[in-house]
Novice: 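The following block contains the structure, expressed as structure tokens.
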Amino acid sequence: MKTRLTEVIPRLKIPAAAAGGFADGRGLAAALVMGADGVQIGTVFLCSEECEIHINAKNKILASQSTDVVVTGSVRKRTNATRGIRNAFSDKFHMLEDSGASLQELSDLATGTNRKAFVDGDVQNGFVMSGQGITVVKEIRTCKDIIVSINSEAEDILKRAPSLIR
Ligand SMILES: Cc1cc2nc3c(=O)[nH]c(=O)nc-3n(C[C@H](O)[C@H](O)[C@H](O)COP(=O)(O)O)c2cc1C
């Protein structure tokens, strides 16, 4: 992520939102210092009170950490690359992928797995799509709480940043 931001931000003439793995004020502060105009946050808001996904999916996110996050599919192999929490579905997908299964077989296995996890609450056979910022997601909070705490943490960090320069 850091490399991409470094490459892309200096070339942009429009506001840039950094995305992928941002979950707290530390990340926001880092992105702003790197020249981004803001961050786009996805996974953290899955665990907001307002988000209507199944409680099993929220609990799966709360109980997981970044090392539990895997990617099914790949752009190189022309299947859709999707990031989520490792489970029975992802293990089966990877096994099929490694054994040279066809795109159709992989697609058949993956189709409907978001609905299974997020709507039906089957977090073993469905796929709980999540980014790598989940380690810091520890509780279900309101969107307002999440945004206020991220902003205030970033502000505190940025206020201390000038002391890094002599
Ligand atoms: C449940 C879920 C569904 C997503 N669906 C898509 C999608 O269909 N297309 C896409 O480009 N990105 C998708 N994303 C990625 C988000 O747009 C966003 O870039 C990403 O969540 C930011 O990283 P973060 O989740 O680590 O904060 C999805 C993310 C989540 C968590």
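Throughout, numbering of the chain's residues begins at 1 and tracks the sequence. Just so you know, ligand 1 is whichever comes first in the structure, and atom 1 is the first atom listed for that ligand.
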Novice: Got the closest protein heavy atom to atom 26 (O) of ligand 1, with its distance?
Specialist: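 Going by distance alone, atom 26 (O) of ligand 1 is nearest to Gly21 N, 2.7 Å.
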
Novice: Under 4.0 Å from any heavy atom of Gly131, which atoms of ligand 1 are there?
Specialist: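 Result: 26 (O).
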
Novice: Examine ligand 1 and decide if any of its atoms is less than 4.0 Å from a heavy atom belonging to Ser130.
Specialist: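 Per 4.0 Å heavy-atom rule, Ser130 does not contact ligand 1.
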
Novice: Does atom 17 (O) of ligand 1 have a protein non-hydrogen atom under 4.0 Å from it?
Specialist: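 Yes, there is one.
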
Novice: Within the structure, does Gly133 bring an N/O atom to less than 3.5 angstrom of an N/O atom in ligand 1?
Specialist: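 Checking ligand 1 against Gly133, no N or O pair falls under 3.5 Å apart.
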
Novice: Should you measure from each heavy atom of Thr43, which atoms of ligand 1 turn up under 4.0 Å away?
Specialist: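 Ligand 1 atoms under the 4.0 Å threshold to Thr43: 24 (P), 25 (O), 26 (O), 27 (O), 31 (C).
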
Novice: Can you check atom 4 (C) of ligand 1: any protein non-hydrogen atom closer than 4.0 Å?
Specialist: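 Yes; the ligand atom in question has protein heavy-atom contact below 4.0 Å.
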
Novice: Could you verify whether a donor N or O on one side chain and an acceptor N or O on the other, from Asn151 and Glu155, lie under 3.5 Å apart?
Specialist: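 Per modelled atom types, Asn151 and Glu155 side chains form no pair under 3.5 Å.
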
Novice: Quick check: does any side chain N or O of Asp156 sit under 3.5 Å from a backbone N or O of Glu153, one acting as donor and the other as acceptor?
Specialist: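 Checking the backbone N and O of Glu153 against the side chain of Asp156, no donor-acceptor pair under 3.5 Å is found.
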
Novice: Test your reading of the structure: does Gly42 have an N or O sitting under 3.5 Å from an N or O of ligand 1?
Specialist: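 Such a contact does occur with ligand 1.
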
Novice: Answer yes or no: is there a donor N or O on one side and an acceptor on the other, between the side chain of Asn87 and the main chain of Gly126, under 3.5 Å?
Specialist: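 Judged by distance alone, yes, a pair lies under 3.5 Å.
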
Novice: At less than 4.0 angstrom from any non-hydrogen atom of Ile41, what atoms of ligand 1 do you find?
Specialist: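 So the answer, numbered in order with elements, is 27 (O).
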
Novice: Using a distance threshold of 4.0 Å (strictly less than), state whether atom 9 (N) of ligand 1 has a protein heavy-atom neighbour.
Specialist: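 Not a single protein heavy atom is under 4.0 Å away.
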
Novice: Would the distance check show the side chain of Asp37 and the main-chain N or O of Ala16 forming a donor-acceptor pair, the cut-off being under 3.5 Å?
Specialist: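 Between the backbone of Ala16 and the side chain of Asp37 there is a qualifying donor-acceptor contact (under 3.5 Å).
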
Novice: For ligand 1, is there an N or O atom under 3.5 Å from any N or O atom of Gln40?
Specialist: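 Checking ligand 1 against Gln40, an N or O pair does fall under 3.5 Å apart.
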
Novice: Would you check, one step at a time, whether the test side chain to side chain donor-acceptor pair (under 3.5 Å) holds for Thr43 with Arg83?
Specialist: CA-CA 11 Å; Thr43 300; Arg83 208 181 291 277; over 6 Å; no

Novice: Protein heavy atoms: any of them under 4.0 Å from atom 22 (C) of ligand 1?
Specialist: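 Given the 4.0 Å limit, the answer for atom 22 (C) of ligand 1 is yes, a protein heavy atom qualifies.
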
Novice: Identify the protein heavy atom lying closest to atom 13 (C) of ligand 1, giving its residue, its atom name and the separation to 0.1 Å.
Specialist: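 Here the nearest protein heavy atom works out to Met129 CE, 4.9 Å.
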
Novice: Please name the pair of heavy atoms, one in Ala110 and one in Phe89, separated by the smallest distance, quoted to 0.1 Å.
Specialist: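 Heavy atoms only, the tightest pair is CA-CE1, 3.9 Å.
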
Novice: Any donor and acceptor pair, going by atom type alone, linking the side chain of Glu105 with main-chain N or O of Leu96 inside 3.5 Å?
Specialist: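 Not at all, since once roles are kept as given, no pair shorter than 3.5 Å links the two residues.
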
Novice: Determine, stepwise, if the pair Thr113 / Thr82 fulfils side chain to side chain contact (heavy atoms under 4.5 Å, CB included).
Specialist: CA-CA 11 Å; Thr113 48; Thr82 307; over 6 Å; no

Novice: Checking Val137 against Leu62 for the side chain to side chain contact (heavy atoms under 4.5 Å, CB included) test, could you report, in this order, the C-alpha distance in whole Å, the side-chain angles of both residues, the deciding distance, and whether it holds?
Specialist: CA-CA 6 Å; Val137 184; Leu62 294 175; 3.9 Å; yes

